[in-house]
Number of protein chains: 4
Amino acid sequence: MKKEQRREQLLQHARDVFAEKGYHAAKIDDIVAQASVARGTFYLHFDDKRRIFEELVDDFLSRISLAIVRIRVDDATNSPLAQLRDNVFRVLEVGLGDPGMTKILLKNAAGLDPDFDRKVRAFYRAIEELLALSLLNGQRMGLVRAGDRRVLGALALGSIKEILLQSVEGRITSSAQALADEVMRFLAGGILTPGLLGEPVARKERDDPPTKTRAHS
Amino acid sequence: MKKEQRREQLLQHARDVFAEKGYHAAKIDDIVAQASVARGTFYLHFDDKRRIFEELVDDFLSRISLAIVRIRVDDATNSPLAQLRDNVFRVLEVGLGDPGMTKILLKNAAGLDPDFDRKVRAFYRAIEELLALSLLNGQRMGLVRAGDRRVLGALALGSIKEILLQSVEGRITSSAQALADEVMRFLAGGILTPGLLGEPVARKERDDPPTKTRAHS
Amino acid sequence: MKKEQRREQLLQHARDVFAEKGYHAAKIDDIVAQASVARGTFYLHFDDKRRIFEELVDDFLSRISLAIVRIRVDDATNSPLAQLRDNVFRVLEVGLGDPGMTKILLKNAAGLDPDFDRKVRAFYRAIEELLALSLLNGQRMGLVRAGDRRVLGALALGSIKEILLQSVEGRITSSAQALADEVMRFLAGGILTPGLLGEPVARKERDDPPTKTRAHS
Amino acid sequence: MKKEQRREQLLQHARDVFAEKGYHAAKIDDIVAQASVARGTFYLHFDDKRRIFEELVDDFLSRISLAIVRIRVDDATNSPLAQLRDNVFRVLEVGLGDPGMTKILLKNAAGLDPDFDRKVRAFYRAIEELLALSLLNGQRMGLVRAGDRRVLGALALGSIKEILLQSVEGRITSSAQALADEVMRFLAGGILTPGLLGEPVARKERDDPPTKTRAHS
DNA sequence: GATGAATGAGCGTTCATTCAT
DNA sequence: AATGAATGAACGCTCATTCAT
């Protein structure tokens, strides 16, 4: 059990150092100094620098993944909307509960290591796929307005990511509950006073959205 | 200006290399190889690696800054809403016009260099301040619904950032125009069908938002 | 041309250091110190430690290989025996001409690096094959007495290797010419006074030597 | 003696590991893993890595030394030649009986450790001295032909070393008996058909051999 | 005696930066 | 201005050895 404790201790300290300095600026020396162990001890528990980071990221990503529960339309007690709100809440809760990893994942999303970059990219792809699918279902049920699901998904995802980022950087200090409510309010009605932009509701749902191709490369 | 050309050439190649490999994986050797000059030549034009990157970032950030025009309420020809839409459009246009820098700024937002981190942070702070101010004005004019301006700002900012990110990564392929419209639609009415969440409009504007303090550390 | 000189200089110094300390005890620092260049300079010319060593070994082995000329039975001016003697002489000459590499190859013949071990082994195998073949031809021509060619080859090869080893270690100080003569005398008549062991000449040549299998594992 | 058993067990496993991987590639971890003991246990029985290796080498060298019995001219039952043959046989027997140590001693003869290098060198010097002395006696008795005893000794020694090397590497598979006979045949008459090189017997014995000094350094 | 976690000196390698030509 | 060889600080990692339990 002692060994497992050391491991855990090193993981925590590593997380802190990575969060504070970023992957590249975080030296093995920083981690072991913070943990007050010798350099060799680190390699007793982890194969190399990349590995401990990967373990931290894997753990965090799986916690996020577990926080997202696929929405069930036949749930009697929780409406799809309530389930969506719960998902948002749980993701925010996980993120706020581990500010270090949240910061790393949101700010150092690439350029650390080819393998690692791929992993993070795959994670986001999965999220985006799930979102697109949920939005399609939402559209079919009349809960989500018409529009390109990729774009709608990006808009929603971006909102949540930024809320998380500013929270872990201390610029927003609300609770996960309050923020989840804010996000839901945002998704439900934007931030502008209703009626300003004409009638967005009138649009018909389309499976193939008429997105014009971009002009510039 | 032979010298100025060299400089410019190096800047372009450096941008490409940085965009492709990220700051740390981009070696001076890669840059000079792309530019077909000797290694020493690089240092004839730039003090060091950090500096050329900083110059690229500075240039990009100032182009973004120039794209954002403070909204004037007394503009006869353009409503505040139209001005907002123009801002969104121009920012998207700048971002899509320089996918390399956009990618770097959105994915490697930290951990490159202490000085550089500070600069990016300062840029975002400025944007956020401007946003908060604009939102306050919007609330006063009845254009923006009530709510914590920091949170509202983050929600809006995040949407745009994510749209940009997914665009430069090729997962969204609409034009800046179309995307600006989508963003405006989002800000105006969210993505959910109206009326689902009760009456969000009924809330009163509050300068001090009643955000509950977070439970977990 | 300057670069090639540096390379050559490093090769020479590396050879000396390797010869003096052996592969493992030879540190990059030793090599660069001996060459009076900075550590980085080494890596400007060679990929890594293994590589410079490999280059030295490859070069030496190919010089040895070139010294060995396949014996031609139809050579009018040089009898097969004279050709054999020339081969022995040239091999000794190459070995004595590069005592450092000779010492390394004869004393550190294994345990340096898996790739390198394989290379040396392959070299010796090739030599042994050539020897066995030459001995077969010699037997057919009546120049070589009957006996297991592998064993005969090993006996001859071992003599030459030991002569070389003791020469480069300073315990034997004769010239390559004199040593070649000694080796030929040895191959021709051993070291014992003739007639002591009965009639070794009476044996018949056998292609399949009757070597008893060993008793102990 | 529980402790003595442990020691012995570790020695055997260490010998196997050293033989398989060579001194440097053999890690303490490999040895204790083979022996199924904890790492600390190793240091309960041996001072350090060099020591256990030294012990193995010492043991092997002394077994070789014991196999070599000084030739007695006044032995009624065994002629000097028969005693020589017995020596060769016993050395081969010891070598073939411990292929691991034989391989190490013949292939990693240097570069392991300064102290150890010295010890091996001293052993070979002793062998060579003994050989030179025996050859002198042989010459005086008319059993050994004239010639530089150092060179003659090297030629004989090299033959035996190579036979051993190729045997433990599996390229020669004869028994120690058969190989001893082959070696004796070789020492008695070389490998060439008699009479090919003129009359080597005609030379007179000289205490100071007329070896020309080498031309190249 | 046995264990195995902890130690830390040491080394190979990288790469931004300098400078003689 | 241009070149590219040279520099050396810095860092990740290994592994023989120690020591508390």
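For clarity, every value in this text was computed on a predicted model and none was experimentally measured. Below, chains carry the letters A, B, ... as their sequence lines are ordered, and counting in each starts from 1.
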Do side-chain atoms of D:Asp30 reach the backbone of D:Lys27 as a donor and acceptor pair under 3.5 angstrom?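 It does hold such a pair.
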Looking at B:Gly95 and B:Leu164, what are the two nearest heavy atoms and their distance?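 Result for this residue pair: CA-CD2, 3.8 Å.
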Nearest heavy atoms of D:Ile28 and D:Lys49, plus distance in Å: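 The answer is CD1-CB, 3.8 Å.
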Is it true that C:Gln5 and C:Gln9 share a donor-acceptor pair across their side chains at a distance under 3.5 Å?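 Not at all, the side chains of C:Gln9 and C:Gln5 share no donor-acceptor pair under 3.5 Å.
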Are [X] and [Y] within salt-bridge range, i.e. N to O under 4.0 Å?
| X | Y | result |
| --- | --- | --- |
| C:Glu169 | D:Arg121 | no |
| C:Lys107 | D:Asp117 | no |
| A:Asp115 | A:Lys119 | no |

Identify all stems in which DNA chain F takes part, counting only runs of at least 3 consecutive pairs (Watson-Crick or G-U wobble, each distance under 3.5 Å), and give each as one range with another, ordered by first number.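 Ordered by first number, the stems with DNA chain F (at least 3 consecutive pairs each) read E:2-21 with F:2-21.
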Integer-rounded Å distance: [N] [atom2] and [X] [atom1]:
| X | N | atom1 | atom2 | value |
| --- | --- | --- | --- | --- |
| A:His45 | E:dA5 | NE2 | C1' | 7 Å |
| B:Ile31 | E:dC15 | CD1 | P | 13 Å |
| B:Leu44 | E:dC19 | CG | P | 14 Å |
| B:Asp113 | E:dA16 | CG | P | 13 Å |
| A:Gln9 | E:dA5 | CD | P | 15 Å |
| B:Ile52 | E:dT17 | CD1 | C1' | 14 Å |
| B:Lys2 | F:dA2 | NZ | P | 8 Å |
| C:Lys21 | E:dG10 | NZ | P | 14 Å |

Using OP1 and OP2 only, check whether a side-chain N or O of B:Arg6 sits under 4.0 Å from F:dA2.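 Yes, within the criterion.
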Give every pair of a protein N or O atom and an N or O atom of nucleotides 14-16 of chain F that lie under 3.5 Å apart, one pair per line with the distance.
| from | atom 1 | to | atom 2 | distance (Å) |
| --- | --- | --- | --- | --- |
| F:dC15 | OP1 | D:Lys27 | NZ | 3.0 |
| F:dA16 | OP2 | D:Ile28 | N | 3.2 |

Given that B:Ala38 and C:Phe42 both sit by DNA chain F, which one's nearest nucleotide is further toward the 5' end?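 Nearer the 5' end of the strand: B:Ala38.
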Enclosure of C:Arg51 CZ (heavy-atom neighbours >12, cutoff 6.0 Å):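 It does not: C:Arg51 CZ has 12 such atoms or fewer within range.
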Does A:Val37 or B:Arg50 map to a spot on DNA chain E nearer the 5' end, using the closest nucleotide for each?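 Final value for this comparison: A:Val37.
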Pairs flagged by ring pair (Phe, Tyr, Trp, His ring centres under 6.0 Å) wherever residues 8-27 of chain C is involved - sequence neighbours left out: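 Non-adjacent pairs meeting ring pair (Phe, Tyr, Trp, His ring centres under 6.0 Å): C:Phe18-C:Tyr23, C:Phe18-C:Phe53, C:Tyr23-C:Phe53, C:His24-D:His24.
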